[in-house]
Amino acid sequence: MARTREFDVSEALRKATIMFWRQGYRDTSMEQLVKATGVSRYGFYQEFGNKKELFKRCLQEYSLSKISPGLKRIAQSDGELEDLRCFFSMYSENIAEHGANGCLICNTATEIGETDMDVNSIVRDIYAKLTAQFQYFIERAQARSEVRQELSAFDLSVCLLGVLQGVAVMARSDFHRDTLRQYLTTIFDMMAEPE
């Protein structure tokens, strides 16, 4: 007779994501994950396989819950620079709300980097989606004369990815919210087509 699942997978993923977000992949043990989620070790192995597979699912879950809503907003935009400002504002507020945790994707990129190709592939995929959406947005913003025409949309999209990660690092370093806002204001002022 098969055992029935005794836990809510979504809730376990949410709690595990928070653990990885706070402590990083390497510093989070299975014991801590079991304790934080209340899921038995057996339940974890049955549902997730192992710590690495759980972590990969947490990265995907984080991307869907923390990054995708903002990307949806700029995907639906007709190129108004204010929509991009709102995306970055939402992102920086979310980061600031979670204190020194920063961004799980950025944290993972710096902690694991290219030492684990499976995890690095997920990070690179998320970065590629961000860059592609930024580029699409910039092209529409340039068509509306909201972003300087002489700037390459692709180069600017890569720059915005760097800005996004900079915001995460600054938030993790406990920069004041006003400093983060000023940083973003300066970036957008440099991008904007002069009136």
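Predicted model only: the values in this text are computed from it and were never measured.
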For Gln23 and Met19, what are the C-alpha separation, side-chain angles and deciding distance, and is it a side-chain contact (heavy atoms from CB on, under 4.5 Å)? CA-CA 6 Å; Gln23 297 181 186; Met19 285 295 297; 3.6 Å; yes
Could you give me the CA-CA distance, side-chain angles and deciding distance for Tyr25 and Asn107, then say whether side-chain contact (heavy atoms from CB on, under 4.5 Å) is met? CA-CA 9 Å; Tyr25 175 74; Asn107 298 350; over 6 Å; no
Dump the intermediate steps for side-chain contact (heavy atoms from CB on, under 4.5 Å) on Thr108 and Ile122, then the final yes or no. CA-CA 10 Å; Thr108 300; Ile122 293 169; over 6 Å; no
After noting the C-alpha distance and the side-chain angles of Val34 and Ser40, does the key distance pass the side-chain contact (heavy atoms from CB on, under 4.5 Å) rule? CA-CA 6 Å; Val34 166; Ser40 71; 5.8 Å; no
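The ring-ring contact (aromatic ring centres under 6.0 Å, His included) analysis of residues 61-80, with sequence neighbours excluded, yields the pairs Trp21-Tyr62. Sorted by first then second residue, the salt bridge (Lys or Arg N to Asp or Glu O under 4.0 Å) pairs that include residues 125-134, not counting sequence neighbours, are Asp125-Lys129. Under the salt bridge (Lys or Arg N to Asp or Glu O under 4.0 Å) criterion, the residue pairs touching residues 180-190 are Glu93-Arg181, Asp178-Arg181, with sequence neighbours excluded. Listed by first then second residue, pairs satisfying salt bridge (Lys or Arg N to Asp or Glu O under 4.0 Å) with a partner in residues 25-38 read Glu31-Arg41, not counting sequence neighbours.
Linking Ile, Leu, Val, Met, Phe, Trp and Tyr residues whenever their side-chain heavy atoms come within less than 4.5 Å leaves Ile105 and Met117 in two separate clusters. Residues Phe188 and Tyr91 fall within the same hydrophobic cluster, defined by Ile, Leu, Val, Met, Phe, Trp and Tyr side chains chained together at heavy-atom separations under 4.5 Å. The cluster map of Ile, Leu, Val, Met, Phe, Trp and Tyr, joined by side-chain heavy atoms under 4.5 Å apart, puts Met90 and Val167 in different clusters. Clustering ILVMFWY residues whenever any of their side-chain heavy atoms sit less than 4.5 angstrom apart, transitively, puts Met190 in the very cluster that holds Leu161. Under the 4.5 Å side-chain heavy-atom criterion for grouping Ile, Leu, Val, Met, Phe, Trp and Tyr, Ile18 is not connected to Met30 through any hydrophobic cluster.
Every side chain to side chain contact (heavy atoms under 4.5 Å, CB included) that Ala109 has, sequence neighbours left out, goes to Val123, Tyr127. Qualifying side-chain hydrogen bond (donor to acceptor under 3.5 Å, both in side chains) partners for Lys56, counting only residues two or more places apart in sequence or in other chains: Glu53. For the side chain to side chain contact (heavy atoms under 4.5 Å, CB included) test, residues two or more places apart in sequence or in another chain that qualify with Gln149 are Gln142, Ser145, Glu193. Partners of Arg144 according to the salt bridge (Lys or Arg N to Asp or Glu O under 4.0 Å) rule, which considers only residues two or more places apart in sequence or in another chain, are Asp78, Glu146. Looking at residues two or more places apart in sequence or on another chain, you find a side chain to side chain contact (heavy atoms under 4.5 Å, CB included) between Ser10 and Asp8. Judged as a side-chain hydrogen bond (donor to acceptor under 3.5 Å, both in side chains), and not counting sequence neighbours, the contacts of Glu139 are Gln135. By the ring-ring contact (aromatic ring centres under 6.0 Å, His included) test, Tyr183 pairs with no residue at all, sequence neighbours left out.
The CG atom of Leu54 sits 10.5 Å away from atom OH of Tyr45, with the distance rounded to the nearest 0.5 Å. The CG atom of Leu84 sits 11.0 Å away from atom CD1 of Ile187, with the distance rounded to the nearest 0.5 Å. To the nearest 0.5 Å, atoms CG (Leu180) and OG1 (Thr185) are separated by 10.5 Å.
Taking a 4.5 Å side-chain heavy-atom cut-off between Ile, Leu, Val, Met, Phe, Trp and Tyr, the cluster of Phe154 extends to Val158.
Contact detail for Pro194 and Arg148: the closest heavy-atom pair is CD-CG, 4.0 Å. Residues Ala12 and Val39 come closest through the heavy atom pair CB-CG2, 4.0 Å. Listed here is the closest heavy atom pair of Ile126 and Leu59: CD1-O, 4.3 Å. Nearest heavy atom pair, residue Val119 against residue Phe55, reads CG1-CE2, 3.8 Å.
In this structure, Thr110 contributes its side chain and Cys106 its backbone to a donor-acceptor pair below 3.5 Å. Panel note: side chain Ser89, backbone Arg85; no donor-acceptor pair is recorded below 3.5 Å. When atom types are taken as modelled, the side chain of Thr37 and the backbone of Ala16 share no donor-acceptor pair closer than 3.5 angstrom. Side chain of Thr115 to main chain of Ile112: a donor-acceptor pair is present (N/O by atom type, distance under 3.5 Å, no hydrogens or angles). Side chain of Arg140 to backbone of Tyr136: a donor-acceptor contact under 3.5 angstrom is found. Checking side-chain atoms of Glu61 against main-chain N and O of Thr17 turns up no donor-acceptor pair under 3.5 Å.
A cation-pi contact, defined as under 6.0 Å to the ring centre and within 45° of the axis, is absent between Lys51 and Phe20.
Aromatic ring orientation, Phe134 versus Phe87: perpendicular (interplanar angle above 60°, classes split at 30° and 60°).
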